[in-house]
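Structure first, commentary second.
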Protein chains: 2
Amino acid sequence: MARPTPQTHDEILAAAARRFAATGYRGTSLQDIATEVGCSKAAVLYHFANKEAILTELMAPAIEVFCSLDERIAAQPGPAAAQRVAAEGFVDLAVRFRSEIALLRGEFPELLQQPVFAHIQQISERLIDALAGQSERASARITALVLLAGIAETCGQFADVPDQELGDALLGLLRRALESPIH
Amino acid sequence: MARPTPQTHDEILAAAARRFAATGYRGTSLQDIATEVGCSKAAVLYHFANKEAILTELMAPAIEVFCSLDERIAAQPGPAAAQRVAAEGFVDLAVRFRSEIALLRGEFPELLQQPVFAHIQQISERLIDALAGQSERASARITALVLLAGIAETCGQFADVPDQELGDALLGLLRRALESPIH
DNA sequence: TCAGAGGCTGACCGATCGGTCAGATCAGTG
DNA sequence: CACTGATCTGACCGATCGGTCAGCCTCTGA
């Protein structure tokens, strides 16, 4: 490691983080990163062995904390204690590394720019409004968005769960979680 | 080949859906789709004007239902009724179109194959176990996964919310939503 | 019998990808 | 002065991308 730390290294990391978050890992070329930094593509590959090495260095700190959380959970005496540590630890992780985690969203933001999804974002905002009971409170809007995104993100993984059971579970979750509950 | 097969159109759609869900839109080439179908890339482009047209035809039904849900919500007399319709309508949408929505995850599944994320999936499963209070019930595991994915997916969007406030909101959400609540 | 239409192919195109390489520039050191 | 190592560049490479095109094959109906 060079003593008079060259700032180019960090500038590349910062630029890569912005590009990855905007257009995904695949959707970001080394030339994109180089252009944003203001150097050549070859300069990027001078500071990093390859494209993957950039992603690795970006995510390493968050992953390390994630692994240590896993160990802390495993060290708890019972399910109740494990649940508390898991909840608090994960929330802390999500808050501290939110920008790092955000770039895992991949090509999703760019995908939404496709003509097919032209009105999806506006509709989603109105949907969040409705779920939050038209409340302006930040916590109500956070709750609604987390639930909306979580359901959209995961429902495809329950291919083996019957429609009725999956629907009941999700509706039950919404009833419990929304701040001004459904009557 | 050259069989009288007008079913090729649908086979291409099905193959594209599988590939998009596995490696994302960008990460799936027309050749990938053609190979999975067992025809030439040119045949794919005979049935669809371009790559985007495949995505459009795949998502169109789900988007139409999503738009009509938006209209139904807007037609409700008050916030409470709107919230109920939004919750029930969105859950129904997510359950019915879960495979279509799943392919919006983009490059995420493929990204997790990167060496950096080697142990993330196992750790995530243990984290879900802990959040679900070691319960085997499907609804408990669905709840934990939705919350986990939702927080990870959205926390990056709250760059303007102070850490303390965001953390409190998320922890409050977990307390309310988890089936065997945190003491 | 044969024209025409639908279905499909292989060859090809320009653009862009991740990555390599030889060499230019420059600061520090003896 | 000569030399060295770190930083960076432009030119280039093979592979792959989305997409085009001329033409082949098979089926159908007049």
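These figures come from a predicted structure and were not determined experimentally. Below, chains carry the letters A, B, ... as their sequence lines are ordered, and counting in each starts from 1.
Atom CD1 in A:Ile12 sits roughly 13 Å away from atom C1' in D:dT9 (whole-Å rounding). In this entry the distance linking CZ of A:Phe48 with P of D:dC8 reads 12 Å, nearest Å. We find that CD of B:Gln7 is positioned 13 Å from C1' of C:dG7, with the value rounded to whole Å.
Phosphate proximity of D:dC8 to A:Thr8: present, with a side-chain N or O under 4.0 Å from OP1 or OP2. OP1 or OP2 of D:dC8 sits under 4.0 Å from a side-chain N or O of A:His47.
With respect to the salt-bridge test (charged N to carboxylate O, under 4.0 angstrom), the residues A:Asp32 and A:Arg18 do not qualify. A salt bridge links A:Asp70 with B:Arg126; the closest basic N to acidic carboxylate O contact falls under 4.0 Å.
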What donor-acceptor contacts under 3.5 angstrom involve side-chain atoms of residues 135-142 of chain A, with partners at least two apart or in another chain?
{"from": "A:Ser135", "atom 1": "OG", "to": "A:Arg137", "atom 2": "N", "distance (Å)": "3.0"}
{"from": "A:Arg137", "atom 1": "NH1", "to": "A:Glu179", "atom 2": "OE1", "distance (Å)": "2.8"}
{"from": "A:Arg137", "atom 1": "NH2", "to": "A:Ser139", "atom 2": "OG", "distance (Å)": "3.3"}
{"from": "A:Ser139", "atom 1": "OG", "to": "A:Glu179", "atom 2": "OE1", "distance (Å)": "3.3"}
{"from": "A:Ser139", "atom 1": "OG", "to": "A:Glu179", "atom 2": "OE2", "distance (Å)": "3.0"}
{"from": "A:Arg141", "atom 1": "NH1", "to": "A:Asp129", "atom 2": "OD1", "distance (Å)": "2.7"}

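With sequence neighbours left out, the side-chain hydrogen bond (donor to acceptor under 3.5 Å, both in side chains) criterion links B:Glu107 to no other residue. Partners of B:Arg19 according to the side-chain hydrogen bond (donor to acceptor under 3.5 Å, both in side chains) rule, which considers only residues two or more places apart in sequence or in another chain, do not exist here.
With rounding to the nearest 0.5 angstrom, the CD atom of A:Glu88 is 10.5 Å from the CD atom of A:Gln83.
Remark: B:Lys41 fails to qualify as a cation-pi partner of B:Tyr46 under the 6.0 Å distance and 45° angle criteria applied to the six-membered ring.
Bending across the helix from C:dT1-D:dA30 to C:dG30-D:dC1, expressed as the angle between its end axes from five pairs apiece, amounts to 20° (10° rounding).
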What protein N or O atoms touch nucleotides 4-6 of chain C N or O atoms at under 3.5 angstrom, if any, and at what distances?
none

Pairs: protein N or O with nucleotides 18-22 of chain D N or O, under 3.5 Å:
{"from": "D:dG18", "atom 1": "OP1", "to": "B:Thr28", "atom 2": "O", "distance (Å)": "3.3"}
{"from": "D:dG18", "atom 1": "OP1", "to": "B:Lys51", "atom 2": "NZ", "distance (Å)": "2.8"}
{"from": "D:dG18", "atom 1": "OP2", "to": "B:Leu30", "atom 2": "N", "distance (Å)": "2.9"}
{"from": "D:dG18", "atom 1": "N7", "to": "B:Lys41", "atom 2": "NZ", "distance (Å)": "3.0"}
{"from": "D:dG18", "atom 1": "O6", "to": "B:Lys41", "atom 2": "NZ", "distance (Å)": "3.4"}
{"from": "D:dG19", "atom 1": "OP2", "to": "B:Lys51", "atom 2": "N", "distance (Å)": "2.8"}
{"from": "D:dG19", "atom 1": "N7", "to": "B:Lys41", "atom 2": "NZ", "distance (Å)": "3.3"}
{"from": "D:dG19", "atom 1": "O6", "to": "B:Lys41", "atom 2": "NZ", "distance (Å)": "2.6"}

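Aromatic ring centres of A:Phe48 and A:His9: separated by under 6.0 Å.
Taking 4.5 Å as the limit, some side-chain heavy atom of A:Met59 sits within range of a side-chain heavy atom of A:Leu103. The side-chain heavy atoms of B:Val146 and A:Leu170, taken from C-beta on, include a pair separated by under 4.5 Å.
Between A:Gln121 and A:Glu125, the side chains place no donor N or O within less than 3.5 Å of an acceptor N or O (distance only, hydrogens not considered).
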